[in-house]
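Encoded as structure tokens, the structure appears first; notes follow it.
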2 protein chains.
Amino acid sequence: MDAAQEQPEHATRRGDTRARIQQVALELFAEHGYERTSLREIAERLGVTKAALYYHFKSKEDIVRSFTEDYFGRIDALIARGKEQSPGTATAQELLARYIAIVMESGEVFRFLERNQATIHGTEDGKHRFTQFRPRLAALIEVITGPGASPRVRIRAGAAIFAVSTSCMFFSKDAPEADLDAVLPVLPSKDELREIVLELATDLVKN
Amino acid sequence: MDAAQEQPEHATRRGDTRARIQQVALELFAEHGYERTSLREIAERLGVTKAALYYHFKSKEDIVRSFTEDYFGRIDALIARGKEQSPGTATAQELLARYIAIVMESGEVFRFLERNQATIHGTEDGKHRFTQFRPRLAALIEVITGPGASPRVRIRAGAAIFAVSTSCMFFSKDAPEADLDAVLPVLPSKDELREIVLELATDLVKN
DNA sequence: GTCTATAGACGGATAGAC
DNA sequence: GTCTATCCGTCTATAGAC
């Protein structure tokens, strides 16, 4: 994760308080939901008070932004990279592979975004919302299919992204409190999962 | 959009406050999120007061249950039906087709469930089962793949369900306020969408 | 950097009149 | 069936001491 070294020296020596806040907040936001998790709850779990939180973050939403901006930065970089390449099966395959890597690496952040879509979409703050997945999805599809693709091809590309995202999240070994046993008696390793998911996404994109 | 205000002449405009509450609540819950939508907001949009809502529903959660129980009933029926059939490609295909139909028919409800996962998961009522998507997913996968399938086959079946669900929701013509134009310049009809999605799901399941 | 204390707002829910 | 009025809890955020 990003260690948030955006602060002056005096504030973050070895300062893991900020990082611990992020960690606990992300965990609770993803598990119980953004609105159902109060700052009091986060503070209590860390053994500090609410006011301490406000020393490190200017608001509740600011905590969210602190761990989502890194994720969105990666996606944007992926899109930019894709635009520089010539469309084709090889490019699409590489894009998908990189996308899978991003999703798997930022597992908890992705889980948070997935499970709090309505909340995130609802933040109409105007200023800076920690924001939208929608325009990025459009760009990803365009970059995978190339311009002027048919509805069928576009939908399949979208489905590939959806399938990849949700599968990586759901079948991940380090999913917290998953009733995974019921659906997958034997868990695949991270590499096995990556391979299976990439194969399935490729099937969707290449036809 | 504002279907609660102006309805077609043959629709039962008068005397069905309960249905109008459901409709408006579902719309707002799906769009802005369950917690970010207050009963006051729902009441205001209907031109009534909060207290009136409590005549028709015993709590906020009760409104949710009123429009989710039908959806889950259908899924459960689908699972039960699947269990009675012998596993095989034909069965899987039929199951997928029926699942797609369910998702497409209950579009707004599904959107609500999708976009409020964290909230829904957070309500540990225990007594009300509308919380659990997880065990149903496990059952669906089992019924599609048959018993004792490999991790790869199970993950592909899961991915098929994920892809179908999200695609039907996202690429649906009557998606409210979707920036769909950006990703799909020409929109498929409901039948075309169904066909495309079924084909893609089949590709995932049969290999 | 962390604390205590509190402001200020808004939420869900209920009582009882009509 | 719908209203007015209100209770009580919780929340985010801030002020200011140490």
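Basis for what follows: all heavy atoms, side chains included, without hydrogens, waters or symmetry-related copies. Chain letters run A, B, ... following the sequence lines, proteins first and then strands; every chain starts at 1.
- Under 4.0 angstrom from either OP1 or OP2 of dT2(D) there lies no side-chain N or O belonging to Y55(B).
- Taking only side-chain nitrogens and oxygens, T49(B) never comes nearer than 4.0 Å to OP1 or OP2 of dT2(D).
- The side-chain heavy atoms of I196(A) and F171(A), taken from C-beta on, include no pair separated by under 4.5 Å.
- For the pair D70(B) and S106(B), the minimum side-chain heavy-atom distance is 4.5 Å or more.
- In the model, T119(B) has no side-chain atom that pairs as donor or acceptor with a side-chain atom of E35(A) under 3.5 Å.
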Give every pair of a protein N or O atom and an N or O atom of nucleotides 12-16 of chain C that lie under 3.5 Å apart, one pair per line with the distance.
residue: dG12(C); atom: OP1; partner: K60(B); partner atom: NZ; Å: 2.8
residue: dG12(C); atom: OP2; partner: L39(B); partner atom: N; Å: 3.0
residue: dG12(C); atom: N7; partner: K50(B); partner atom: NZ; Å: 3.1
residue: dA13(C); atom: OP2; partner: Y54(B); partner atom: OH; Å: 2.6
residue: dA13(C); atom: OP2; partner: K60(B); partner atom: N; Å: 3.0
residue: dA13(C); atom: O5'; partner: Y54(B); partner atom: OH; Å: 3.1
residue: dA13(C); atom: N6; partner: K50(B); partner atom: NZ; Å: 3.0

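- The distance from atom CZ of R36(B) to atom P of dC11(D) is 16 Å, rounded to the nearest whole Å.
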Tell me which donor-acceptor pairs under 3.5 Å the side chains of residues 92-99 of chain B have, and how far apart each pair is, sequence neighbours excluded?
residue: Q93(B); atom: OE1; partner: T202(B); partner atom: OG1; Å: 3.0
residue: E94(B); atom: OE1; partner: Q85(B); partner atom: NE2; Å: 3.2
residue: E94(B); atom: OE2; partner: R81(B); partner atom: NE; Å: 3.0
residue: E94(B); atom: OE2; partner: R81(B); partner atom: NH2; Å: 3.0
residue: E94(B); atom: OE2; partner: R98(B); partner atom: NE; Å: 2.8
residue: E94(B); atom: OE2; partner: R98(B); partner atom: NH2; Å: 3.3
residue: Y99(B); atom: OH; partner: S165(B); partner atom: OG; Å: 2.8

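- The distance between atom NE2 of H32(A) and atom C1' of dC11(D), rounded to the nearest whole Å, is 17 Å.
- The distance from atom CG of L46(A) to atom C1' of dC3(C) is 15 Å, rounded to the nearest whole Å.
- Residues F67(B) and Q23(B) fail the side-chain proximity criterion, which asks for heavy atoms closer than 4.5 Å.
- When the P atom of dT2(C) is taken as reference, atom CZ of F57(A) falls 12 Å away, rounded to whole Å.
- Between the CG atom of L53(A) and the P atom of dC3(C) there is a distance of 10 Å, given to the nearest Å.
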